[in-house]
Amino acid sequence: RYSKLKLRKKLGIQPQEFILSSFGFITPRKGYETVIKGLANLKEEKNIEFRYFIVGNFNFFHYKLFLKHLVTNLKLQKKIIYSGYTPMRQVQELLLASDVIIQPRLYANEGASASLATALFSGRPVISSNVGGFSEYINDGVTGLLVNHSIKSYKKAINLLYRNKK
């Protein structure tokens, strides 16, 4: 049985940090930049101590450069961590050490993904775009929050879960 505190210690995460994570292929159709901009706005307004782990491979090199440039411009280099390919056991540990899982999508061209099922199985609240099959799996307000894919919506959802963390 995993202890959240033990996993956080193993991963170098401080107990007071609010940990968000996303995982899967990192592609432009997921719109990670919207989540990152929402976190930047939240950091400025609320001074929340957080880290956002983005786990997975970039499918498009230009998108990787774009996101890294954005993170640098927003001065979030110490807050946004890209892990690249990560073995499933380590992904599971990070999920269990996280406070919130974020599964963004710009649009739906598919049903729910395997990464969404894994995120929900972790028992952590999931913030996801209200598109396609995602809305069929997330019980809005119970197992997570469904949001419009906007900076304001992600910021509001993250802030709500931060204020209500256990």
Side-chain angles (χ1 to χ4, degrees), residues 18-43 45 48 50-74 76 79-88 90-165:
F18 189 63
I19 301 301
L20 307 114
S21 61
S22 293
F23 65 101
F25 290 112
I26 303 166
T27 65
R29 69 184 170 93
K30 294 184 180 177
Y32 284 98
E33 63 274 14
T34 306
V35 176
I36 291 168
K37 289 175 185 176
L39 284 167
N41 288 347
L42 198 58
K43 180 180 176 256
E45 291 177 18
I48 293 174
F50 72 89
R51 276 200 276 172
Y52 179 35
F53 290 86
I54 301 175
V55 179
N57 288 327
F58 282 90
N59 282 2
F60 300 95
F61 184 71
H62 73 278
Y63 191 57
K64 180 178 185 177
L65 293 177
F66 168 72
L67 287 182
K68 289 190 176 215
H69 182 71
L70 175 66
V71 166
T72 299
N73 284 344
L74 295 172
L76 293 174
K79 299 290 182 186
I80 311 290
I81 292 94
Y82 304 102
S83 73
Y85 170 78
T86 305
M88 192 57 181
Q90 289 175 315
V91 170
Q92 291 169 337
E93 289 177 349
L94 180 58
L95 286 174
L96 294 172
S98 296
D99 294 297
V100 174
I101 313 300
I102 301 177
Q103 295 285 251
R105 291 286 188 282
L106 286 172
Y107 53 87
N109 62 346
E110 64 204 30
S113 67
S115 61
L116 175 63
T118 303
L120 289 167
F121 187 72
S122 75
R124 303 300 181 254
V126 177
I127 298 173
S128 181
S129 308
N130 191 6
V131 296
F134 283 57
S135 60
E136 296 173 19
Y137 289 90
I138 296 174
N139 187 350
D140 194 29
V142 178
T143 58
L145 299 172
L146 293 167
V147 299
N148 295 322
H149 194 86
S150 70
I151 295 167
K152 184 179 179 179
S153 294
Y154 278 108
K155 176 180 139 183
K156 183 178 176 183
I158 293 165
N159 187 42
L160 176 67
L161 292 174
Y162 174 77
R163 286 193 331 255
N164 293 306
K165 69 180 177 175

Working to the nearest 0.5 angstrom, can you tell me the gap between [X] [atom1] and [Y] [atom2]?
| X | Y | atom1 | atom2 | answer |
| --- | --- | --- | --- | --- |
| Gln103 | Phe23 | CD | CZ | 5.0 Å |
| Lys79 | Leu20 | NZ | CG | 11.0 Å |
| Ser128 | Leu146 | OG | CG | 6.5 Å |
| Ser22 | Ile101 | OG | CD1 | 8.0 Å |
| Asn139 | Leu145 | CG | CG | 10.5 Å |

Which heavy atom in [X] sits nearest to a heavy atom in [Y], and how many Å separate them?
| X | Y | result |
| --- | --- | --- |
| Ala40 | Leu76 | CB-CD1, 3.8 Å |
| Val147 | Ala157 | CG1-CB, 3.7 Å |
| Pro125 | Leu161 | CB-CD1, 4.1 Å |
| Leu106 | Pro28 | CD1-O, 3.2 Å |

If you define the side chain from C-beta out and look only at heavy atoms, does anything of [X] sit under 4.5 Å from [Y]?
| X | Y | value |
| --- | --- | --- |
| Leu39 | Leu74 | no |
| Phe53 | Val91 | no |
| Thr143 | Val126 | no |
| Tyr154 | Leu42 | no |
| Ile158 | Val100 | no |

Using distance only, find each side-chain donor-acceptor pair of residues 55-67 under 3.5 Å and give its atom names and separation, not counting sequence neighbours.
| residue | atom | partner | partner atom | Å |
| --- | --- | --- | --- | --- |
| Asn57 | OD1 | Tyr85 | N | 3.1 |
| Tyr63 | OH | Tyr32 | N | 2.9 |
| Tyr63 | OH | Glu33 | OE1 | 2.5 |

Quick one: does [X]'s side chain have a donor or acceptor within less than 3.5 Å of a partner on [Y]'s backbone?
| X | Y | answer |
| --- | --- | --- |
| Asn159 | Lys155 | no |
| Arg124 | Leu96 | yes |
| Lys30 | Phe25 | yes |
| His149 | Pro104 | no |
| Asp99 | Ile19 | yes |
| Ser21 | Leu95 | no |

Sequence-distant partners of Lys43, side chain to side chain donor-acceptor pair (under 3.5 Å), two or more places apart: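 Scan of Lys43 (side chain to side chain donor-acceptor pair (under 3.5 Å), adjacent residues dropped) gives none.
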
Side chain to side chain donor-acceptor pair (under 3.5 Å) partners of Thr86, counting only residues at least two apart: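 For Thr86 the side chain to side chain donor-acceptor pair (under 3.5 Å) partners, ignoring immediate neighbours, are Ser83.
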
State, without any angle test, whether Ser98 and Tyr52 hold a side-chain donor-acceptor pair at a distance under 3.5 Å.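 No, no side-chain donor-acceptor contact under 3.5 Å.
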
